[in-house]
Enquirer: 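Okay, handing you the structure first.
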Amino acid sequence: MEYNFKDLEAKWQAEWQKQQTYKVDVDSSKPKFYVLDMFPYPSGAGLHVGHPLGYIASDIYSRYKRLCGYNVLHPMGYDAFGLPAEQYAIQTGQHPADTTEQNIARYRSQMDKIGFSYDWSREVRTCEPGYYKWTQWAFLQMFGHFYNNLTDKAESIDSLVAHFAAHGTEGVDAACTEPLVFTAEEWNSWDEKKREEVLQNYRLAFRADTMVNWCAELGTVLANDEVKDGLSVRGGFPVVQRKMKQWLLRVTAYAPRLLEGLDKLEWSESLKEIQRNWIGKSTGAQVFFDIEGSEKKLEIFTTRPDTIYGVTFMVIAPEHEWVKELTCSDAQADVEAYLEATKKRSERERIAETKRVSGVFTGSYAINPFSGKRIPIYVSDYVLAGYGTGAIMAVPAHDSRDYAFARHFGLDIIPVVEGGNIEVESYDAKEGKLINSDILNGLDVKEAIVKMWDEIEARGLGKRKVNYRLRDAIFSRQRYWGEPFPVYYKDDVARPLSADQLPLELPPVSEFTPTSQGEPPLARVESWHTAEGYPYETSTMPGFAGSSAYYLRYMDPHNSEALVSTEANTYWRNVDLYVGGIEHATGHLIYSRFWNKFLFDLGVICEDEPFRKLVNQGMIQGRSNFVYRIVGTNKFVSLGLKEQYETQEIHVDVNIVKNDVLDLDAFRAWRPEFRDAEFVLENGKYVCGWAIEKMSKSMFNVVNPDYIVENYGADTLRMYEMFLGPLEQSKPWDTNGIDGVHKFLRKFWSRFFDKEDNFCVSEEAPTPAELKILHKTIKKVREDIENFSFNTSIPAFMICLNELGVCNKRAILEPLCVLLSPFTPHITEELWHLLGHEDSICTASYPEFNADYLVENSFEYPVSFNGKMRFKKELPLGISNAEIEAAVLADPAAQKWTEGKAPRKVIIVPGKIINIVL
RNA sequence: GCCCGAAUGGUGGAAUAGGUAGACACGAGGGACUUAAAAUCCCUCGGCCCGAAAGGGCUGUGCCGGUUCGAUCCCGGCUUCGGGUACCA
């Protein structure tokens, strides 16, 4: 019988759906295992072959774990709110809900054809009210909580209010936007509006005037991870800094825990490193500098307090709140001109001009608290308002930026650490002996830093401090297609809806552009207010809102009483294996961890990290093909001959090229202008050129999984995607090699049929040699799956089949079927039933490796002389090294190399190698 | 600039407690079967050299050096490519 993958795959996909083969429920009799894919954003372009790579890997692992006796939760859903659907709506007028629905249907049909073992009864969509009810609920919880640094967890804002009423800020250590000090009397004397303003300083979800990334083309603000090189990640539009009132999440409150938590996770080192850098912990000191002729003290942050004797000037950021105060009257015009010029520069220009030194003197002086020296205060945009205190002490001798600034303005450069050549450049390294530094002289840099921490604290000049690069996440977007905020405004004070008013549903609109006043689309909706007429927030939540806790919702997707029931959560706990792209390292994967830790503090869930193990699949690039048209003609010349003509390179659809050879008829049919194309062939073939590029429509190198499924079957697609190379590596898609795995499947299939094409397996007992081959394969495949080396387990199957030859014994083929089933579920399910089983192959158990079959009693030693392999000698195992040595040296082949002389040394590793040193 | 990671045939890639480099597959060439094609099967394929052949020798995992009986693997120094990040004090 022929391997008819088309009928067979359709048949089993229908059957699995009918039998609900992959549905799972809480089952305390079995250990759980949770395998999760990053759910896709359903874009209009559909899936290309790159998208399913991670899904296939996680599906193999899920099926493997299921066969090993685990109760496996393997769900799928859609991250359905987002910018592209809305941009598309602006262009076409189609409602995002409609296009999203269509795209989801397309994604689903493409995924179904690949034979994934998802439990679709648990599907979630972030844009559905039943789902985003819990996104809104979590937001309200954040609004209602603050972060207590003393207990190191989120606590109810009510307890903070009670504390303020009784003691003011005395004894409070909470994460906040800026430190506040007030008494209970003050608090009690304030009205509600003033109190709420103060509370915004502590809430984990809060509103604040803040510098934001404003993208005019998109008409919205963007989070830091949505901006790269001063351009929006989506669309590549310029982004400028602007101060605006926005909703934010106090992610920074969790910075220490987000950092420490990484150590316990089984994530790749590179990914953890990206997160560590993004969180950016630096330990240093806060120091206050007196200002000449003022009561005020200028606060700075430095990681190099040891260099304080080398401070020759101070710099504050243009946005620093004391710029005006510190500016003397005769410097006023210059400073204002500088501020104006700085404001105009876009983020992109700032980045492009990092080498250019600019700044202006304020006319004020600070006093070095250690040396007592008078030092000028400058304003420059190389100091950022958002980091540290927005002011620095400048040590030009030991900081390259300060050095450039000092050189430009002719300021003093005093070396305080030995080393480097101060005439040419600053010496930034943290090693060497201190000089010119009074009490620090002679100390090592590291010792000096520690001593200064003590000195600064002892003299009351400041204290040790830890700073993080991580910023609070801007949480509002001036868009339509996102979750509405469950808040309304009364007297300009944001007030939360109560939990029973959720979800606050997104109302329909007909226009998706900002209003003429530049307000978000929701401002157009006349009914967008509470029953009492108080207006709702018109911004919506950003993309990461809906994706931050979706993995929890899968545990209990239909629960209308809670995000997730305690029962479901304590059983499924957290994700054991998360598979997805590395591009989410500083976005989703940070926010999700934050969100999870917050819910953990609330006691809603039982694990404080969401994703125990994480695997990043690589990107699949496209492989483009080219044809070469002789300029001015409709004649095309093959690759090897193109140098003889003046040609023009044209992208050609990779689907009409096979092994870089063009299908001429298909090419003529491809586009009308090529209908009469002529060709200059080499060896009767037209050979195309190729290049590795991004997979995109305009390069004609998009390979659609449907096409592969149609022509080779889903099992071949699954296996080939894994065979392509290591999962975590980026690699180009190349359909050329696909015949190899397809051939393997046909060959495997044919083992079950005799010459007359009847299903036929032998009941004969397997030989020791056959068992050895089988168990060698079991061992290899099990190890590979556990290590995610799917690419190396496929050769193991191929070798197994080659070594077995024509063996058609049930005792060998049946376990092989199970072994193979995670990779190629359809063909193995069919064979499993032909073998006489009634239940799905999913109910089988994965074959155990039995070491007894692999016991060897002799070994063919490679014998090398001075490390160079010369011949092989088969010797029994278990004999002594002396016996091995004697046997080898007696061999005529060895005597040829020793030439009768006794070797200097013989190294024997039993079962591995014999090396003779002459 | 700083921090990670990588480099192996015509191609994708195997191989690490340091022990036969190039598994497996693609591709190419040759052959068998066939009226023919498809399908299937067999042989050869890193480079250089000796040999009619069988076979044999040298060399070879980006470059230079080190440790070792032995290095694709460990150490030091480079080169190139990829990723992250950047006036973060």
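Naming: A, B, ... by sequence-line order, numbering from 1 per chain. In this text the structure is predicted, and so the values were computed from the model without any measurement.
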Enquirer: Take atom NZ of K779(A) as the centre, draw a 6.0 Å sphere, and report whether it contains more than 12 heavy atoms from other residues, nucleotides or ligands.
Expert: no

Enquirer: Counting only Watson-Crick pairs (N1-N3 plus N6-O4 or O6-N4) and G-U wobbles (N1-O2, O6-N3), all under 3.5 Å, who is the partner of A53(B)?
Expert: none

Enquirer: Using a heavy-atom cut-off of 4.0 Å across all strands, would you classify R746(A) as base, sugar-phosphate, or nothing?
Expert: sugar-phosphate

Enquirer: Could you measure between the two C1' atoms, the one in C69(B) and the one in A54(B), and give it in whole Å?
Expert: 33 Å

Enquirer: Can you check the distance between G9(B) and G1(B), where both ends of the measurement are the P atom (answer in whole Å)?
Expert: 29 Å

Enquirer: What is the pairing partner of G76(B), taking Watson-Crick or G-U wobble pairs with both distances under 3.5 Å in any strand?
Expert: C64(B)

Enquirer: With respect to the phosphate group of C58(B), does any side-chain polar atom (N or O) of R870(A) fall under 4.0 Å of OP1 or OP2?
Expert: yes

Enquirer: Does G10(B) pair with anything, Watson-Crick or G-U wobble, both distances under 3.5 Å, and if so, with which nucleotide?
Expert: C26(B)

Enquirer: With sugar-phosphate meaning primed atoms plus P, OP1 and OP2, does S400(A) contact a base, only sugar-phosphate, or nothing at under 4.0 Å between heavy atoms?
Expert: nothing

Enquirer: Considering only atom C1', compute the distance from G19(B) to G12(B) and round it to an integer number of Å.
Expert: 27 Å

Enquirer: For U59(B), take OP1 and OP2 only and decide whether either is under 4.0 Å from a side-chain N or O of K868(A).
Expert: yes

Enquirer: Picking from C69(B), G27(B), A17(B), which would you name as closest to the side chain of K912(A)?
Expert: A17(B)

Enquirer: In whole Å, I'd like the distance from the CD1 atom of I916(A) to the P atom of U68(B).
Expert: 21 Å

Enquirer: Strictly by Watson-Crick or wobble contacts shorter than 3.5 Å, is anything paired with A71(B), and which nucleotide is it?
Expert: none

Enquirer: Return the pairing partner of A21(B) with a 3.5 Å limit on both distances, Watson-Crick or G-U wobble; otherwise return none.
Expert: none

Enquirer: If the test is side chain to side chain contact (heavy atoms under 4.5 Å, CB included), which one of L724(A), I738(A), L820(A), I60(A) qualifies with M719(A)?
Expert: L820(A)

Enquirer: Could you give the distance separating C43(B) and C75(B) at their P atoms, to the nearest angstrom?
Expert: 42 Å

Enquirer: Using side-chain contact (heavy atoms from CB on, under 4.5 Å), reason through L53(A) and K731(A) one step at a time and then give a plain yes or no.
Expert: CA-CA 11 Å; L53(A) 182 75; K731(A) 58 234 163 201; 4.0 Å; yes

Enquirer: Side chain of V383(A), heavy atoms from C-beta onward: which of G19(B), A89(B), C41(B) has the nearest atom to it?
Expert: A89(B)

Enquirer: When you measure from the side-chain N and O atoms of K905(A) to the phosphate of C69(B), is any distance below 4.0 Å, counting only OP1 and OP2?
Expert: yes

Enquirer: Return no unless some side-chain N or O of R469(A) is found under 4.0 Å from OP1 or OP2 of A86(B).
Expert: yes

Enquirer: Rounded to whole angstroms, how far apart are CE on M619(A) and P on G84(B)?
Expert: 10 Å

Enquirer: Compare side-chain N and O positions of N791(A) against OP1 and OP2 of A14(B) and report whether any pair is under 4.0 Å apart.
Expert: yes

Enquirer: With a 4.0 Å limit, can you tell me whether S270(A) has a side-chain N or O closer than that to the phosphate oxygens OP1/OP2 of G84(B)?
Expert: no

Enquirer: Check whether W267(A) forms a cation-pi arrangement with R593(A) (NZ or CZ under 6.0 Å from the six-membered ring centre, at most 45° off the ring normal).
Expert: yes

Enquirer: Could you check whether F744(A) gets within reach of a base, just the sugar-phosphate, or nothing at all, counting any heavy atom under 4.0 Å?
Expert: nothing

Enquirer: Using purine N1 to pyrimidine N3 plus N6-O4 or O6-N4 for Watson-Crick, or N1-O2 and O6-N3 for G-U wobble, both under 3.5 Å, which nucleotide pairs with A32(B)?
Expert: U40(B)

Enquirer: I need the minimum non-hydrogen distance between N701(A) and G622(A), along with the two atoms involved.
Expert: ND2-CA, 3.7 Å

Enquirer: Taking only the P atom of each, what is the distance from G22(B) to C45(B) in whole angstrom?
Expert: 12 Å

Enquirer: Is it the case that the ring center of Y720(A) lies less than 6.0 angstrom away from the ring center of H742(A)?
Expert: no

Enquirer: Output the single nucleotide from G19(B), C24(B), A15(B) whose closest atom is nearest the side chain of F723(A).
Expert: C24(B)

Enquirer: Write down the distance between CZ (F301(A)) and P (C87(B)), rounded to a whole number of angstrom.
Expert: 17 Å

Enquirer: Answer with base, sugar-phosphate or nothing: what part of the nucleic acid does N736(A) contact at a heavy-atom distance below 4.0 Å?
Expert: sugar-phosphate

Enquirer: Within the structure shown, what part of the strands sits under 4.0 Å from I907(A) by heavy-atom distance: base, sugar-phosphate, or nothing?
Expert: base

Enquirer: Measure the distance from CZ on F865(A) to P on C58(B) and round it to the nearest whole Å.
Expert: 13 Å

Enquirer: Using the P atom in both, what is the distance from A71(B) to G60(B), to the nearest Å?
Expert: 11 Å

Enquirer: Could you work out the separation of U11(B) and G27(B) based on their P atoms and round it to a whole Å?
Expert: 15 Å

Enquirer: Under 4.0 Å between any heavy atoms, over every strand shown, what does I274(A) touch: base, sugar-phosphate, or nothing? Just pick one.
Expert: sugar-phosphate

Enquirer: Taking atom P of G13(B) as reference, at what distance in whole Å does atom CD1 of I620(A) sit?
Expert: 11 Å

Enquirer: Pick base, sugar-phosphate or nothing for P726(A), based on heavy-atom distances below 4.0 Å to the nucleic acid.
Expert: sugar-phosphate

Enquirer: A89(B), C69(B), C24(B): which one has an atom nearest the side-chain heavy atoms of N915(A)?
Expert: C69(B)

Enquirer: How far, in whole Å, is U61(B) from C73(B) if one measures between their P atoms?
Expert: 9 Å

Enquirer: Is it the case that D428(A) and S426(A) place a side-chain donor and acceptor less than 3.5 Å from each other?
Expert: yes

Enquirer: Would you say Q286(A) and E299(A) are linked by a side-chain donor-acceptor pair, where the criterion is simply a distance under 3.5 Å?
Expert: yes

Enquirer: Indicate whether OP1 or OP2 belonging to G13(B) is found under 4.0 Å from a side-chain N or O atom of Q729(A).
Expert: yes

Enquirer: Whole Å only: how far is the CG atom of N866(A) from the P atom of A71(B)?
Expert: 11 Å

Enquirer: Of the nucleotides U20(B), A25(B), G19(B), which one has an atom closest to the side chain of N802(A)?
Expert: A25(B)

Enquirer: Counting only Watson-Crick or G-U wobble pairs whose two distances fall under 3.5 Å, which nucleotide matches G5(B)?
Expert: C81(B)

Enquirer: Among A14(B), G57(B), C3(B), which nucleotide sits nearest the side chain of T792(A)?
Expert: A14(B)

Enquirer: Counting the atoms with a prime plus P, OP1 and OP2 as sugar-phosphate, which does W267(A) contact under 4.0 Å by heavy atoms, base, sugar-phosphate, or nothing?
Expert: nothing

Enquirer: Cation over ring, R623(A) on W733(A), under 6.0 Å and within 45°?
Expert: no

Enquirer: Whole Å only: how far is the CD atom of E273(A) from the P atom of G5(B)?
Expert: 9 Å

Enquirer: Taking donor-acceptor contacts at under 3.5 Å, does the side chain of K872(A) reach the base of U20(B)?
Expert: yes

